[in-house]
Amino acid sequence: MTTLADLIEVLDAAYPPKLAESWDSVGLVAGDPGDEVTRVLFAVDVTAGVVDEAIDWRAQALVVHHPLLLRGVDTVAADTPKGALLHRLIRSGCALFSAHTNADSADPGVSDALAAAIGLTVIGPIDAKPEASVDNWIVQVPRSHTEEVLAALFAAGAGGNGDYRDCALRVPAVGQFRPVAQANPSIGTIGELQHIDEDRLEVIAPPAARSAILAALRAAHPYEDPAYHITERAPLPSPVGIGRIGTLPAPESLRAFTDRVAAALPPTVWGVRAAGDPDRSIYKVAVCGGAGDSYLNAVTRHGVDAYVTSDLRHHPVDEHLRKGGPALIDAAHWATEFPWCAQAEGVVKAALPTLETRVSTQRTDPWTISARG
């Protein structure tokens, strides 16, 4: 039996919640992790049409990109728009789960799916999330107390590395010291040089655990004044982060590239529009699923020829072009994120092949009419 907890584990592994922005709300919204799941529907938004589809298909889980309850709420009463949707899902036994900015930053994530749809070869993110800083502790301990000190360090939060725990390096060494007046050595004699068989231990730990680890070290170490040293690893760029930069198989004009984007994305009333010289040569491209005007300066620094995103506004675009920035391609918000649904479905299907899965057929782009004067 596959449970909702199994599905959540797969989604959290692909789109780690720790990658979500601080203002975001991701994860399980409604549902019992112990419930059985046989059918999962994927969509960008929770709309009445999507909920209808989930219920009609008898799905036990609806996985979406945009959170239904992103802002703080004080009621989910059934006579409120969002509350009505939640009540319908709960009554039908359908859980609701969202992966938002964590799916934006994951590798692969939302912008990888967009880049793949357009035909780009990805070379990195627009705005990389640096790896979390980590401390490296070096401790000298008499070999007779190595196990005791290590156990204390591990209990205080040291020695973790991804999916591994109790990680440490031991290097045999000979330590020396000479206790002087006022010392109270547990080993050795005042005034005499001592040589002790020791182990040099190295463990990593989060900086937030420094106080706990130091207290544990002092409590477990036999010396009056333990010898230790801490260094902090500098944050390094990683493949995760917002947006993606990639290259086309061959250069093409902005006019042709705009047609390429339009053909790759699901059709919408909004369509696809471009800003820039139609004959400009396009090869290196940045993409950002969803609203991406906050990265206009970043893509300019990356030296791309064009930037594909959504929700671009008049004045930022005008100023961007005046400064000689890359050409801009503006598509509907929903359309730029829709390719992610198939990506997420593929992730779940690969890990839980007994599930029935499908991408919603509902177009949740809110725009319905386009008119040209």
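Between Arg200 and Glu198 there is no salt bridge, since no side-chain N of the basic residue sits under 4.0 Å from a carboxylate O of the acidic one. Comment: Glu319 does not engage Arg313 in a salt bridge, judged by the lack of any side-chain N to carboxylate O separation of less than 4.0 angstrom.
For the atom pair CZ (Phe42) and CG (Leu11), the distance works out to 6.5 Å, reported to the nearest 0.5 Å. The line from CH2 of Trp57 to OG1 of Thr361 is 11.0 Å long, rounded to the nearest 0.5 Å. One finds the CG atom of Leu120 at 5.5 Å from the CG atom of Leu248 (value rounded to the nearest 0.5 Å). Expressed to the nearest 0.5 Å, how far NE2 of His66 lies from OG of Ser25 amounts to 13.5 Å. Interatomic distance, Asp277 CG to Arg255 CZ, rounded to the nearest 0.5 Å: 8.5 Å. Taken to the nearest 0.5 Å, the NE2 atom of His229 stands 10.5 Å off from the CG atom of Asp135.
If you run side-chain contact (heavy atoms from CB on, under 4.5 Å) between Thr2 and each of Leu7, Leu355, Val40, Val348, only Leu355 comes through. Under the side-chain hydrogen bond (donor to acceptor under 3.5 Å, both in side chains) rule, Thr38 has a single partner from Gln60, Arg58, Glu356, which is Gln60. For the side-chain contact (heavy atoms from CB on, under 4.5 Å) criterion with Leu254, the lone passing option out of Asp259, Asp279, Ile282 is Ile282.
The backbone N or O of Gly290 sits less than 3.5 Å from a side-chain atom of Thr336, completing a donor-acceptor pair. Side chain of Asn136 to main chain of Thr231: no donor-acceptor pair is present (N/O by atom type, distance under 3.5 Å, no hydrogens or angles). Between the Ser360 side chain and the Gln362 main chain, a donor and an acceptor come within less than 3.5 Å of each other. Distance alone, capped at 3.5 Å, places no donor-acceptor pair between the Lys82 side chain and the Leu69 backbone. Counting only distance, with no hydrogens or angles, the side chain of Arg88 and the backbone of Val51 share no donor-acceptor pair below 3.5 Å. In this structure a side-chain-to-backbone donor-acceptor pair under 3.5 Å is present from His320 to Pro326. In this structure a side-chain-to-backbone donor-acceptor pair under 3.5 Å is missing from Ser105 to Asn102. Counting only distance, with no hydrogens or angles, the side chain of His302 and the backbone of Ile126 share a donor-acceptor pair below 3.5 Å. Asp318 places no side-chain N or O within donor-acceptor distance of the main-chain N or O of Pro316, the cut-off being under 3.5 Å. Arg178 places a side-chain N or O within 3.5 Å of a backbone atom of Gly191 that can act as its donor or acceptor partner.
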Exercise for review: Using the side chain to side chain contact (heavy atoms under 4.5 Å, CB included) rule, take Val139 and Val203 through it: C-alpha gap first, then chi angles, then the decisive distance, then the call.
Suggested key: CA-CA 9 Å; Val139 178; Val203 294; 5.8 Å; no

Practice item. I would like to know whether Arg170 and Glu147 meet salt bridge (charged side-chain N to carboxylate O under 4.0 Å, His left out); could you show each step before the answer? Key: CA-CA 11 Å; Arg170 309 181 187 204; Glu147 298 299 337; 2.9 Å; yes

Check your understanding: Could you go step by step and tell me if Thr3 and Asp6 meet the side chain to side chain donor-acceptor pair (under 3.5 Å) rule?
Key -> CA-CA 5 Å; Thr3 65; Asp6 296 326; 3.1 Å; yes

Point to revise | Stepwise side chain to side chain contact (heavy atoms under 4.5 Å, CB included) check, Thr309 with Asp293 | key: CA-CA 8 Å; Thr309 188; Asp293 64 358; over 6 Å; no

Practice item. Step by step, work out the salt bridge (charged side-chain N to carboxylate O under 4.0 Å, His left out) result for Lys284 and Asp305. Key: CA-CA 5 Å; Lys284 187 178 180 182; Asp305 303 310; over 6 Å; no

Exercise for review: Test side chain to side chain contact (heavy atoms under 4.5 Å, CB included) on Arg363 and Val269 and set out the steps.
Suggested key: CA-CA 11 Å; Arg363 186 185 71 177; Val269 168; 4.2 Å; yes

Practice item. Decide yes or no on side chain to side chain contact (heavy atoms under 4.5 Å, CB included) for Cys288 and Ile242, but give the supporting numbers first. Key: CA-CA 7 Å; Cys288 180; Ile242 299 294; 3.9 Å; yes

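Across every non-hydrogen atom of Leu265 and Ala331, the tightest pair is CD1-CB, 3.8 Å. Smallest separation of non-hydrogen atoms from Ala156 and Ala209: O-CB, 4.1 Å. Ala291 and Asp311 get closest at one heavy-atom pair: CB-OD2, 3.6 Å. The two residues Trp137 and Leu214 come nearest to each other via the heavy atoms CH2-N, 3.9 Å. When every heavy atom of Ser310 is checked against every heavy atom of Ala332, the shortest pair comes out as CB-C, 3.9 Å. In plain terms, the two heavy atoms of Pro142 and His221 that are nearest each other are CD-CE1, 3.8 Å.
Ring-plane geometry between Trp270 and Trp367 is classed as tilted, the angle between the planes lying from 30 to 60 degrees on a 0 to 90 degree scale. Ring orientation note: the planes of Trp340 and His65 are tilted relative to one another, at an angle of 30° to 60°.
Residues Ile118 and Val285 fail the side-chain proximity criterion, which asks for heavy atoms closer than 4.5 Å. Put simply, the side chain of His333 does not reach to within 4.5 Å of the side chain of Asp365, judged on heavy atoms. Side-chain contact between Val50 and Leu85: absent, with no pair of heavy atoms (C-beta onward) separated by less than 4.5 Å. Put simply, the side chain of Glu232 reaches to within 4.5 Å of the side chain of Pro207, judged on heavy atoms. For the pair Asp197 and Val174, the minimum side-chain heavy-atom distance is below 4.5 Å. The shortest distance between side-chain heavy atoms of Val141 and Leu217 does not fall below 4.5 Å. In this structure the side chain of Leu4 reaches within 4.5 angstrom of the side chain of Leu28, judged on heavy atoms. In this structure, Val317 and Leu321 have side chains that are in contact, with non-hydrogen atoms separated by less than 4.5 Å.
Looking at Asn297 and Thr300, their side chains never bring a donor and an acceptor atom within 3.5 Å of each other.
Note on Val149 and Ile138: separate hydrophobic clusters, where clusters join Ile, Leu, Val, Met, Phe, Trp and Tyr whose side-chain heavy atoms are under 4.5 Å apart, directly or indirectly. A single hydrophobic cluster is seen to contain both Leu89 and Val73, as judged by linkage of ILVMFWY side chains at heavy-atom distances under 4.5 Å, directly or through other members. In terms of hydrophobic clustering, with Ile, Leu, Val, Met, Phe, Trp and Tyr side chains grouped at heavy-atom distances under 4.5 Å, Leu201 and Ile213 are assigned to a common cluster. Residues Ile90 and Leu41 do not share a hydrophobic cluster, clusters being chains of Ile/Leu/Val/Met/Phe/Trp/Tyr side chains in contact below 4.5 Å. Linking Ile, Leu, Val, Met, Phe, Trp and Tyr whenever their side-chain heavy atoms come within less than 4.5 Å leaves Val171 and Leu153 in two separate clusters.
Around the NE2 atom of His315, the shell of radius 6.0 Å holds no more than 12 heavy atoms that belong to other residues, nucleotides or ligands. Atom CD of Glu9 has 12 or fewer neighbouring heavy atoms from other residues, nucleotides or ligands inside a 6.0 Å radius. Atom CZ of Arg165 has more than 12 heavy atoms from other residues, nucleotides or ligands within 6.0 Å.
You'll find the ring centres of Phe177 and Tyr223 inside the 6.0 Å limit.
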